[in-house]
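The block underneath contains the structure these notes are about, expressed in structure tokens.
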Amino acid sequence: MAFQPSRLGTKEHWDKVYEEELANFREIGDEGEIWFGEESVDKMVEWTEENTPPSDELSVLEIGSGNGTLLFALVEAGYSRKCLSGIDYSPDAVSLSRAIASSREMQDIQFNVCDFLTEEPPVLPKMTGDTSNNWDLLLDKGTYDAIALGEKDDGGNTPVSRYPTRAARLIKPGGYFLITSCNFTEDELKEVFDTSETGLRYHSRIQHPTFSFGGKSGSIVSSVAFRKL
Ligand SMILES: C[S@@+](CC[C@H](N)C(=O)[O-])C[C@H]1O[C@@H](n2cnc3c(N)ncnc32)[C@H](O)[C@@H]1O
């Protein structure tokens, strides 16, 4: 499905959001918005525990990590801070997640400014010698949705069209990609990510509460996992 471009697809929008969230955190300790609510965080953590249990060998990258909520929840579930990395293109998002990490004594989580569509995500310190294409698990909660609202370039290409192959390339063979979206259905996500070009195959889904509307039932958010061949 193609969406009308919106300000949610612009860096200016996210820079403003995180400038405010960072100021709030500094003033009153508010850690900011939990996208799709705590239940979606809990369910993504449960899926991760079942499929990639905590281990010192693991490497996990969150694309568009915002205030870092999902990675903090993984530490609370027993994941080593040294296995976790978050990237975001908004510098204040990275400052906010680092400030929250310090307040929770979780500074070893790596948070870096990086535009996922144009830059290579930095590897973890323990991945020295590895190429950047060696992650066990890539996570996305709301970032693909945001990127899908970006404007087409001069050649008429949407930024989001670059996402699936860029994501797939970073995952090691046998590794996973878990995505939670509110703008795309499970079938739409499968169509885009499970292709011969990405080398990803549908693996599993997370069941979210369903709602009924006009005789159709569906979930407000979809979480789908893919595995690299
Ligand atoms: C809906 S928010 C979700 C944030 C976080 N995943 C969470 O669940 O709290 C989308 C995030 O994607 C980031 N983002 C959007 N486009 C990006 C890009 N090209 N590279 C890196 N981050 C991006 C935004 O700055 C924002 O933090």
Side-chain angles (χ1 to χ4, degrees), residues 3 5-22 24-25 30-48 60-76 84-101 104 106 109-122 132 135 137-153 157-170 177-184 189 206 208 220-224:
F3 288 91
S6 118
R7 68 196 166 83
L8 267 73
T10 65
K11 184 168 177 298
E12 293 68 37
H13 169 75
W14 293 109
D15 284 348
K16 195 161 172 291
V17 166
Y18 290 110
E19 186 187 345
E20 279 168 23
E21 289 204 354
L22 182 60
N24 283 341
F25 180 70
D30 179 351
E31 295 185 356
E33 171 136 11
I34 302 187
W35 284 88
F36 312 149
E38 273 177 37
E39 198 175 328
S40 69
V41 176
D42 293 346
K43 293 203 167 195
M44 288 180 85
V45 170
E46 269 169 38
W47 183 97
T48 305
V60 179
L61 174 68
E62 184 182 2
I63 304 165
S65 45
N67 60 7
T69 308
L70 182 56
L71 297 180
F72 300 140
L74 285 174
V75 173
E76 262 143 33
L84 306 176
S85 171
I87 54 165
D88 205 290
Y89 70 175
S90 176
D92 279 347
V94 172
S95 301
L96 174 63
S97 55
R98 285 184 183 162
I100 299 173
R104 295 180 176 213
M106 294 185 185
I109 303 177
Q110 298 290 307
F111 286 108
N112 289 294
V113 178
C114 171
D115 184 334
F116 175 67
L117 293 181
T118 55
E119 295 169 320
E120 285 299 308
S132 61
W135 298 87
L137 173 63
L138 245 60
L139 296 169
D140 180 316
K141 182 162 74 71
T143 303
Y144 182 74
D145 289 346
I147 293 176
L149 296 170
E151 296 264 3
K152 287 183 183 166
D153 63 21
N157 299 310
T158 54
V160 78
S161 60
R162 301 210 294 279
Y163 185 116
T165 46
R166 284 193 76 80
R169 184 180 64 87
L170 295 174
F177 172 55
L178 174 63
I179 176 167
T180 297
S181 160
C182 69
N183 278 345
F184 296 92
L189 293 171
I206 295 176
H208 291 282
I220 295 164
V221 291
S222 316
S223 294
V224 187

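Note that ligands are numbered from 1 as they come in the structure, with each ligand's atoms numbered from 1 the same way.
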- Below 4.5 Å, heavy atoms only, C-beta onward: do N112 and R98 meet side chain to side chain? yes
- Query: Would you say I220 and H208 make side-chain contact, with heavy atoms under 4.5 Å?
  - Reply: no
- min-distance protein heavy atom vs atom 27 (O) of ligand 1 -> D88 OD2, 2.6 Å
- Message: On a heavy-atom basis, I'd like to know which of A148, G66, G64 is closest to atom 6 (N) of ligand 1.
- Response: G64
- Message: Is there a polar contact between ligand 1 and T69, counting only N or O atoms under 3.5 Å apart?
- Response: no
- Message: Can a donor-acceptor pair be found, under 3.5 Å and without considering hydrogens, that links the side chain of S222 to the backbone of F184?
- Response: yes
- Using atom types as modelled and distance alone, determine if a side-chain donor or acceptor of N67 lies under 3.5 Å from a backbone N or O of E33. yes
- Message: For atom 9 (O) of ligand 1, what is the closest protein heavy atom, and at what distance to 0.1 Å?
- Response: W35 CD1, 3.4 Å
- So, does E21 use its side chain to make a donor-acceptor pair with the main chain of V17 at under 3.5 Å? no
- Task: Just need the protein heavy atom nearest to atom 16 (N) of ligand 1, so name the residue and atom and give the distance.
- Result: Y89 CZ, 3.3 Å
- Query: So which bit of K11 gets within less than 4.0 Å of ligand 1, heavy atoms only: side chain, backbone, both or neither?
  - Reply: neither
- Message: So does W35 get a backbone contact from the side chain of K141, meaning a donor-acceptor N/O pair under 3.5 Å?
- Response: yes
- In the protein, what heavy atom is nearest to atom 7 (C) of ligand 1, and what distance, to one decimal place, separates them? K141 NZ, 3.6 Å
- Is there side-chain contact between E38 and T69, with heavy atoms separated by less than 4.5 Å? no
- Give the residue, atom name and distance (to 0.1 Å) of the protein heavy atom nearest atom 2 (S) of ligand 1. W14 CH2, 3.6 Å
- Note on the structure: Rounded to the nearest 0.5 Å, the CD1 atom of I63 sits from the OG atom of S85 at a distance of 10.5 Å
- Which protein non-hydrogen atom lies closest to atom 20 (N) of ligand 1, naming both residue and atom, and how far is it? F116 N, 2.9 Å
- Item | Where ligand 1 meets E62 - atom numbers and elements under 4.0 angstrom, heavy-atom basis | 5 (C), 6 (N)
- Does ligand 1 have a heavy atom under 4.0 Å from the side chain of C114, from its backbone, from both, or from neither? backbone
- Among the heavy atoms of I147, does any lie under 4.0 Å from an atom of ligand 1? yes
- Message: Can you tell me which portion of D115 lies within the under-4.0 Å heavy-atom range of ligand 1? Options are side chain, backbone, both, or neither.
- Response: both
- Considering only the protein, which heavy-atom contact is closest to atom 11 (C) of ligand 1, and what is its distance? T143 OG1, 3.7 Å
- Honestly, for F36 the part within reach of ligand 1 (heavy atoms, under 4.0 Å) is neither
- Does a side-chain N-to-carboxylate-O contact under 4.0 Å join K16 and E20? yes
- Measure the shortest side-chain to side-chain distance between D88 and S97 over non-hydrogen atoms and say whether it is less than 4.5 angstrom. no
